[in-house]
Protein chains: 2
Amino acid sequence: MNRPRPRLKDIAASTGFSTNTVSLALRGSPLVTDETRQLIEEAAAKVNYQPNEIAKSLVQRQSRSIGLVLTNITNPILTHTAQAIETMLSKRGYSTLFATSDNNVENEIQALDALQGRRVDGILIFPADHHRLAHIERLNNFHLPTVLLASAPGATLDVVSVKERQGARDATIHLIQLGHTRIGIIDSGHWMGNAQKLQGYLDALAQAGIASDEALIIKKSGYSPNLGREAMDELMAAKDQPTAIFASNDAFAFGVLDWCRMHGLAVPEDLSVIGFDNIEFSAYAATPLTTVGYDPKELAGLAVERLLYLIEQGDAQTAPLFQQIDLEIVLRKSTGPRRENQS
Amino acid sequence: MNRPRPRLKDIAASTGFSTNTVSLALRGSPLVTDETRQLIEEAAAKVNYQPNEIAKSLVQRQSRSIGLVLTNITNPILTHTAQAIETMLSKRGYSTLFATSDNNVENEIQALDALQGRRVDGILIFPADHHRLAHIERLNNFHLPTVLLASAPGATLDVVSVKERQGARDATIHLIQLGHTRIGIIDSGHWMGNAQKLQGYLDALAQAGIASDEALIIKKSGYSPNLGREAMDELMAAKDQPTAIFASNDAFAFGVLDWCRMHGLAVPEDLSVIGFDNIEFSAYAATPLTTVGYDPKELAGLAVERLLYLIEQGDAQTAPLFQQIDLEIVLRKSTGPRRENQS
DNA sequence: ATGAAAGCGCTAACAG
DNA sequence: CTGTTAGCGCTTTCAT
């Protein structure tokens with residue numbers, strides 16, 4: 001059973017045709033007779049012939065593979081996006097090489113090098129650091145189509161992301177409409193997030209005529225409930241405590257909920273909390289989480305379409321496109337009206 | 001800025017050496033003078049030379065890439081495993097091509113074909129269906145090292161997985177020790193699970209002299225809290241209701257917790273529930289979930305080591321190795337002693 | 001210590 | 001319609 005993989009040449013030899021004819025036949029060229037095609041197909045099937053895509057890639061100068069670079073996959077919304085991307089790409093005949101940067105620019109550079117070495121036809125990337133994009137933008141020098149999956153400030157690349165600023169604003173407005181004026185934000189700092197969410201939060205406050213307070217703005221780098229708990233320690237140390245919290249991702253929000261459980265605060269009676277991302281689990285949290293969500297498939301679809309378009313364009317330079325999808329608030333149980341007696 | 005990618009030949013031309021010398025120099029061969037190596041390295045750096053791994057793969061007949069096939073990535077424990085795999089592989093100089101079968105054998109076959117076409121050096125796979133492995137086992141015909149990431153009954157392939165049966169037995173024993181005798185199981189049917197967990201559950205019951213009851217055994221195919229809820233509808237319809245539930249994955253357990261919340265049952269006072277996998281969020285569930293967990297990195301490490309070993313072995317046939325890692329119960333709040341007045 | 005030639009498995013002209 | 005030739009970018013004998 002242990003044979004070496006059959007080549008075009010082998011099936012050429014066994015059928016008596018030339019490798020060229022075999023190649024054409026197998027690719028369904030109209031130039032070859034039905035009769036010979038049939039012969040060739042049979043011979044190919046008999047030995048379980050599978051074309052060597054590597055050889056094909058070499059001669060065609062395209063690998064029909066793309067690179068997907070993620071920061072890390074502890075955030076389920078990213079993995080859903082990743083899976084959707086892979087599925088769509090696979091339907092279009094592309095393989096996906098994946099790599100993780102773990103939010104580290106050095107790793108990211110290495111990953112990009114490896115992908116370039118493998119001559120991927122394009123790259124989809126969640127950047128590790130929204131302020132260090134030079135190594136990504138440099139990909140353009142080699143005509144390597146790239147789309148960013150997060151809106152980085154001043155990027156000269158194509159972007160497909162979510163309307164973070166607007167989503168954050170809507171979340172904050174939701175809290176304001178419930179009567180809250182002391183609203184804390186736990187922002188994810190500059191990676192996995194730029195200043196967009198913070199901006200949206202400030203927009204909402206300004207619009208409602210509420211002064212922002214530095215003591216209510218906490219930055220945490222990472223994605224973990226622990227960070228949410230830590231942030232709460234700081235937030236609730238303020239003299240004038242917040243009555244509502246906007247957590248810039250659901251993991252932070254879980255940390256907040258847990259902090260409340262530990263400290264005997266009822267949600268939403270004593271504290272309202274709203275998250276961001278609407279990961280599947282948010283419906284099953286200690287208090288079902290109100291959060292702002294989006295459809296990862298929509299994001300994936302847009303990104304894949306755009307990337308494939310850029311690939312097909314080839315050398316024809318196209319101006320970078322900036323696309324963002326809508327978010328919407330998913331109302332559950334973790335937000336409620338501010339009570340009179342509240343702090 | 002828009003140049004084509006430099007080749008060995010180009011930097012040979014610019015330095016006056018032959019492509020062969022350049023190739024040797026860049027790979028650090030001792031055959032070439034330090035002086036010329038330096039010259040060549042400079043020239044290469046100047047044009048940002050990156051070797052074409054595709055060409056390399058073709059001539060060396062190895063791609064230094066492996067295929068990772070997942071069922072789907074809604075289960076966070078799988079994504080953690082996947083990330084750990086990618087990270088380890090990347091450290092060893094391997095790229096990872098990833099594909100998802102969505103628990104569908106047809107998709108799985110397609111994915112495997114694509115990976116073979118790309119001439120991956122090995123495959124790591126969570127099989128879609130533990131009873132349909134023929135297409136995977138066939139990979140051996142082409143010397144394609146493969147390791148299964150789930151213990152399939154009677155597989156003739158290498159396996160690295162968790163001690164599901166023992167973990168399930170331990171979980172059930174835990175409930176029995178708390179005084180429960182009416183213990184329901186929500187099993188994940190035959191994919192993403194074989195009969196191992198059910199077996200472990202039955203083992204524990206038998207060992208304690210408790211008769212098993214068909215009415216307490218529910219099978220659900222999939223990974224979603226909804227299925228847990230559905231199962232509860234069936235389970236609690238029994239005349240003699242269970243006082244404890246073993247959910248074969250954490251998502252099911254969340255569904256159970258949610259069902260309890262909807263029906264006014266207190267956990268663990270009215271019902272104990274234990275999950276499986278210990279996903280990160282289980283600590284933040286409506287009731288912090290007691291569950292049986294393992295370290296995905298350990299699983300990933302074992303799998304990668306084994307695969308790489310098989311790859312290095314080359315044609316030397318080695319008997320399939322069956323490895324399983326330990327599980328341990330993570331005690332939280334969702335299990336408690338059976339009360340006297342309980343059902 | 002360096003160069004020339006061959007070839008990995010395939011597709012792409014170009015003939016006939 | 002089918003065969004011949006060349007070449008993708010690299011490594012690998014084999015010379016020198």
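Letters A, B, ... mirror the listed sequences (proteins, then strands); counts begin at 1. Quick caveat: nothing in here was measured; it's all calculated off a predicted structure.
Nucleotides of DNA chain D lying under 4.0 Å from heavy atoms of chain B occupy a range whose first and last members, 5' to 3', are D:dG9 to D:dT13.
Residue-to-nucleotide proximity on DNA chain C shows that, of B:Thr21 and B:Leu58, the 5′-proximal contact is made by B:Thr21.
At the phosphate of C:dT2, neither OP1 nor OP2 sits under 4.0 Å from any side-chain N or O atom of B:Ser18.
Put simply, CG on B:Leu24 is 10 Å from P on C:dG3, counting in whole angstrom units. The CZ-C1' distance, from B:Arg61 to C:dC10, rounds to 14 Å in whole Å. Put simply, CG on A:Leu8 is 13 Å from P on C:dC8, counting in whole angstrom units. Between the C1' atom of C:dA1 and the CG atom of B:Leu39 lies a distance of 14 Å, rounded to the nearest Å. For the pair A:Gln62 CD and C:dT11 C1', the interatomic distance rounds to 12 Å; values are reported in whole Å. Taking atom CD1 on A:Ile11 and atom C1' on C:dG9, their separation rounds to 14 Å, with Å as the unit. The distance from atom CZ of A:Arg7 to atom C1' of C:dC10 is 11 Å, rounded to the nearest whole Å.
Residues satisfying the salt bridge (charged side-chain N to carboxylate O under 4.0 Å, His left out) criterion with A:Arg132, sequence neighbours excluded, are absent altogether. Residues passing the ring pair (Phe, Tyr, Trp, His ring centres under 6.0 Å) test with A:Tyr94, sequence neighbours excluded: none.
Within the 4.5 Å cutoff, side-chain heavy atoms of A:Lys56 are placed close to those of A:Glu53.
At most 12 heavy atoms of other shown residues, nucleotides or ligands fall within 6.0 angstrom of atom CD in B:Gln38.
Of the residues in residues 109-120 of chain B, none has a non-hydrogen atom less than 4.0 angstrom from any atom of DNA chain C. Near-neighbour residues of DNA chain C inside residues 29-37 of chain A, defined by a heavy atom below 4.0 Å, are absent.
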Every protein N/O within reach of nucleotides 12-16 of chain C N/O, cut-off under 3.5 Å:
residue : atom : partner : partner atom : Å
C:dA12  : OP2  : A:Arg27 : NH1          : 3.4
C:dA12  : N6   : A:Asn20 : OD1          : 3.3
C:dA13  : N6   : A:Asn20 : ND2          : 3.2

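Between the side chains of A:Asn72 and A:Thr74, at least one donor N or O sits under 3.5 Å from an acceptor N or O.
The backbone N or O of B:Ile66 sits nowhere less than 3.5 Å from a side-chain atom of B:Asp121 that would complete a donor-acceptor pair.
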